[in-house]
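Predicted model, so just to flag it, every value in this text is computed and none were measured. Numbers here simply count residues along the sequence, with the first being 1. Atom set for the values below is all heavy atoms of this structure, side chains included, hydrogens, waters and symmetry mates excluded.
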Amino acid sequence: DTVRIIRDAFVDADDVALLSTLPMVEFEQDWGEPQMDESVEHHTLRINGESFRFGIGSHANSRLLFSLPKDFEMLHAVVGLDDESACGDGAEFVVWTDGKPVWRSRRIYSGESLPIQVKIRGARSLELRLDRGGDKNCDHGDWANAWLSGGK
């Protein structure tokens, strides 16, 4: 038997929002469809052995566009390739606001995770992109525990 502990908790407030609770305006994705609060294959989000209760599971190449309902200041998340896809050649995570790139990760490989905090102050739209490495095989990218802070 396996015991799985998920320790994530989120308390709604006026100045924060889980990204997975905001409507996605549009998306493009090379394989499957983005999933809210689960991996692209409908499993618990899991990066480098750690499970996450909230977030977005996608697949490279992907472009996920959100319209922001208020002026948030920061995007917080843990990014990485989901443990369900340990055969890929890595992918890069990219954040765009209002049609412009504002942050790009190095290439992330299976077994790696990267906590991020990206300034998005004043943005009306937020776009999450996942750019594949050499091929699109197994590039199941997670934007785990993705949330916004500083909403006014």
Side-chain angles (χ1 to χ4, degrees), residues 2-10 16-68 72-121 123-150:
T2 301
V3 174
R4 183 175 63 208
I5 298 172
I6 300 175
R7 59 176 163 65
D8 305 326
F10 189 83
V16 296
L18 278 173
L19 191 56
S20 60
T21 64
L22 299 180
M24 192 180 305
V25 175
E26 63 184 47
F27 74 89
E28 297 173 15
Q29 191 162 285
D30 282 359
W31 182 86
E33 294 187 1
Q35 301 299 319
M36 300 300 175
D37 300 330
E38 59 186 16
S39 75
V40 72
E41 288 190 353
H42 303 281
H43 300 114
T44 299
L45 295 165
R46 194 166 172 80
I47 303 171
N48 196 22
E50 185 174 357
S51 296
F52 298 89
R53 185 174 176 187
F54 306 108
I56 301 169
S58 63
H59 190 292
N61 287 322
S62 64
R63 185 179 75 78
L64 316 176
L65 180 64
F66 297 85
S67 178
L68 300 179
F72 289 103
E73 294 187 13
M74 296 289 284
L75 165 67
H76 310 263
V78 176
V79 298
L81 297 181
D82 198 279
D83 289 354
E84 71 190 8
S85 64
C87 63
D89 60 352
E92 294 178 10
F93 292 77
V94 188
V95 176
W96 289 53
T97 59
D98 299 332
K100 298 176 186 172
V102 295
W103 179 85
R104 176 180 287 274
S105 75
R106 62 175 171 75
R107 189 176 294 187
I108 305 291
Y109 297 92
S110 294
E112 296 180 313
S113 62
L114 179 65
I116 67 169
Q117 291 188 18
V118 179
K119 291 180 183 178
I120 60 168
R121 180 178 292 151
R124 300 313 306 153
S125 69
L126 175 67
E127 190 173 311
L128 305 180
R129 293 187 179 194
L130 183 58
D131 294 343
R132 69 182 190 195
D135 61 48
K136 71 174 185 176
N137 295 333
C138 302
D139 292 339
H140 298 196
D142 293 343
W143 299 86
N145 282 358
W147 61 287
L148 306 169
S149 66

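Here the options are Glu26, Met24, Arg129, Glu28, the test is side chain to side chain contact (heavy atoms under 4.5 Å, CB included), and the partner is Leu65; only Glu26 passes.
Salt bridge present: Asp131 and Arg104 bring a charged side-chain N and a carboxylate O closer than 4.0 Å. Taking 4.0 Å as the cut-off between side-chain N and carboxylate O, Arg63 and Glu127 count as a salt-bridged pair.
Without hydrogens or angle criteria, Glu112 side chain to Tyr109 main chain gives a donor-acceptor distance under 3.5 Å. One N or O on the side chain of Ser110 and one on the backbone of Ser85 form a donor-acceptor pair closer than 3.5 Å. Formation of a donor-acceptor pair under 3.5 Å by the Asn61 side chain with backbone atoms of Arg132 is found in this model. No side-chain donor-acceptor contact under 3.5 Å links Gln29 to the backbone of Phe27. Judged by distance alone, the side chain of Arg124 and the main-chain N or O of Leu68 form a donor-acceptor pair under 3.5 Å. In this structure, Asp82 contributes its side chain and Gly141 its backbone to no donor-acceptor pair below 3.5 Å. Remark: the backbone N or O of Phe93 is paired with a side-chain donor or acceptor of Ser105 at under 3.5 angstrom.
The nearest pair of heavy atoms linking Val40 to His59 is CG2-CB, 4.3 Å. Smallest separation of non-hydrogen atoms from Ala91 and Leu81: CB-CD2, 4.1 Å.
The distance from atom OG of Ser20 to atom CD of Gln35, rounded to the nearest 0.5 Å, is 12.0 Å. Taking NE2 from His140 and CG from Asp83, the interatomic distance works out to 12.0 Å, rounded to the nearest 0.5 Å.
Shown here is Arg121, whose CZ atom has no more than 12 heavy atoms of other residues, nucleotides or ligands within 6.0 Å.
A 4.5 Å side-chain heavy-atom check between Leu19 and Leu126 finds at least one atom pair inside the cut-off.
For the 3.5 Å distance criterion, the side chains of Glu84 and Ser39 qualify, holding a donor opposite an acceptor.
For Trp147 and Phe54, the ring centers are positioned 6.0 Å apart or more.
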